[in-house]
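The block underneath contains the structure these notes are about, expressed in structure tokens.
For this chain, numbers begin at 1 and follow the sequence in order. Everything quoted here is computed from the prediction, not taken from an experiment.
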Amino acid sequence: QVQLVESGGGLVQAGGSLRLSCAASGRTFSRYTMGWFRQAPGKEREFVAAISDSGRMTNYADSVKGRFTISRDNAKNTVYLQMNSLKPEDMAVYYCATRVGWSRIETKTEYKNWGQGTQVTVSS
């Protein structure tokens, strides 16, 4: 089973940037599609972005398109989420997760392994 550890969260002012990282254990990282989700207090966990195993395909939630960029480095077993122009509504705990395939890419139940999350706080 893959273990995931997120890092890079913190407090930032609106309009600022953060880069989240998700480090995976094991030697099978390059076989997995990777996703980022977020959950704000009192809300459902929602899809943010995903990247295919090779990195050739990406997908973003409409709310973050043009501001967030997902990338991965298979040699380092790490996936990243570069977040620019942050807004107060981006404030949440951010989770990375693994899955195989690309169908229903935004559906959280398709993802099997989850990290513990990293808090992102955006002050207005």
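Tracing side-chain contacts under 4.5 Å through hydrophobic residues (I, L, V, M, F, W, Y), one never reaches Leu81 starting from Val93; they form parts of separate clusters. Cluster membership check: Tyr111 shares its hydrophobic cluster with Met57, using side-chain heavy-atom separations under 4.5 Å among Ile, Leu, Val, Met, Phe, Trp and Tyr. Hydrophobic clustering of Ile, Leu, Val, Met, Phe, Trp and Tyr side chains at less than 4.5 Å, counting indirect connections, keeps Tyr95 apart from Trp36. If you chain together hydrophobic residues whose side chains sit under 4.5 Å apart, Leu20 and Trp114 never meet in one group.
If you take CD on Gln39 and OH on Tyr94, they are separated by 12.0 Å, rounding to the nearest 0.5 Å. Going from atom OG1 of Thr98 over to atom CE of Met34 covers 6.0 Å, rounded to the nearest 0.5 Å. From Trp102, atom CH2 reaches atom CG of Asp53 across 9.0 Å, with rounding to the nearest 0.5 Å. From Cys22, atom SG reaches atom CZ of Phe29 across 7.0 Å, with rounding to the nearest 0.5 Å. Note: Ser123 OG to Leu86 CG = 10.0 Å, rounded to the nearest 0.5 Å. For the atom pair Asn59 CG and Glu106 CD, the distance stands at 5.0 Å (nearest 0.5 Å).
The backbone N or O of Leu11 lies less than 3.5 Å from no partner atom in the side chain of Thr121, so there is not a single donor-acceptor pair. In terms of modelled atom types and a separation under 3.5 Å, the side chain of Tyr60 and the main chain of Ile70 share a donor-acceptor contact. The main-chain N or O of Thr33 is never found under 3.5 Å from a side-chain atom of Ser52 such that the two would form a donor-acceptor pair. Formation of a donor-acceptor pair under 3.5 Å by the Glu6 side chain with backbone atoms of Gln116 is found in this model. The backbone N or O of Pro88 sits nowhere less than 3.5 Å from a side-chain atom of Ser124 that would complete a donor-acceptor pair. The backbone N or O of Ser63 lies less than 3.5 Å from a partner atom in the side chain of Arg67, making a donor-acceptor pair. A distance-only check finds no donor-acceptor pair linking the side chain of Arg99 to the backbone of Gly35 [under 3.5 Å]. Under a 3.5 Å cut-off, the side chain of Thr78 and the backbone N or O of Lys76 do form a donor-acceptor pair. For Thr107 (side chain) and Thr109 (main-chain N/O), no donor-acceptor pair under 3.5 Å exists by modelled atom type.
For Arg38 against Ala92, the heavy-atom pair with the smallest separation is CB-CB, 3.8 Å. Taking each heavy atom of Gly8 and Leu18 in turn, the nearest pair found is O-CD2, 3.8 Å. Considering every non-hydrogen atom in both Ser71 and Val79, the closest pair reads O-CG2, 3.1 Å. Residues Ala50 and Ile105 come closest through the heavy atom pair CB-CG1, 3.6 Å. What you find for Ser30 and Asn74 is that their closest heavy atoms are CB-ND2, 3.6 Å.
Sorted by first and then second residue, the disulfide bond (SG atoms under 2.5 Å apart) pairs involving residues 47-90 (not counting sequence neighbours) form an empty list.
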>> Pair Asp62, Lys65 - check salt bridge (Lys or Arg N to Asp or Glu O under 4.0 Å), show working.
In response: CA-CA 5 Å; Asp62 287 344; Lys65 278 180 184 174; 3.1 Å; yes

>> Checking Lys108 against Glu44 for the salt bridge (Lys or Arg N to Asp or Glu O under 4.0 Å) test, could you report, in this order, the C-alpha distance in whole Å, the side-chain angles of both residues, the deciding distance, and whether it holds?
In response: CA-CA 10 Å; Lys108 57 182 178 287; Glu44 293 283 324; 3.8 Å; yes

>> Assess the residue pair Ser17 and Asn84 against the criterion (side chain to side chain donor-acceptor pair (under 3.5 Å)); give the C-alpha distance rounded to whole Å, side-chain angles, the decisive distance to 0.1 Å, and a yes or no.
In response: CA-CA 4 Å; Ser17 299; Asn84 298 329; 2.9 Å; yes

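A cation-pi arrangement is not found for Arg72 relative to Tyr80, the charged atom failing to lie both closer than 6.0 Å to the ring centre and inside a 45° cone about the ring normal.
In this structure, the side chains of Gln3 and Asn113 stay at 4.5 Å or more apart for every pair of heavy atoms.
Taking the six-membered ring for Trp and the full ring otherwise, Phe47 and Phe37 have centroids separated by under 6.0 Å.
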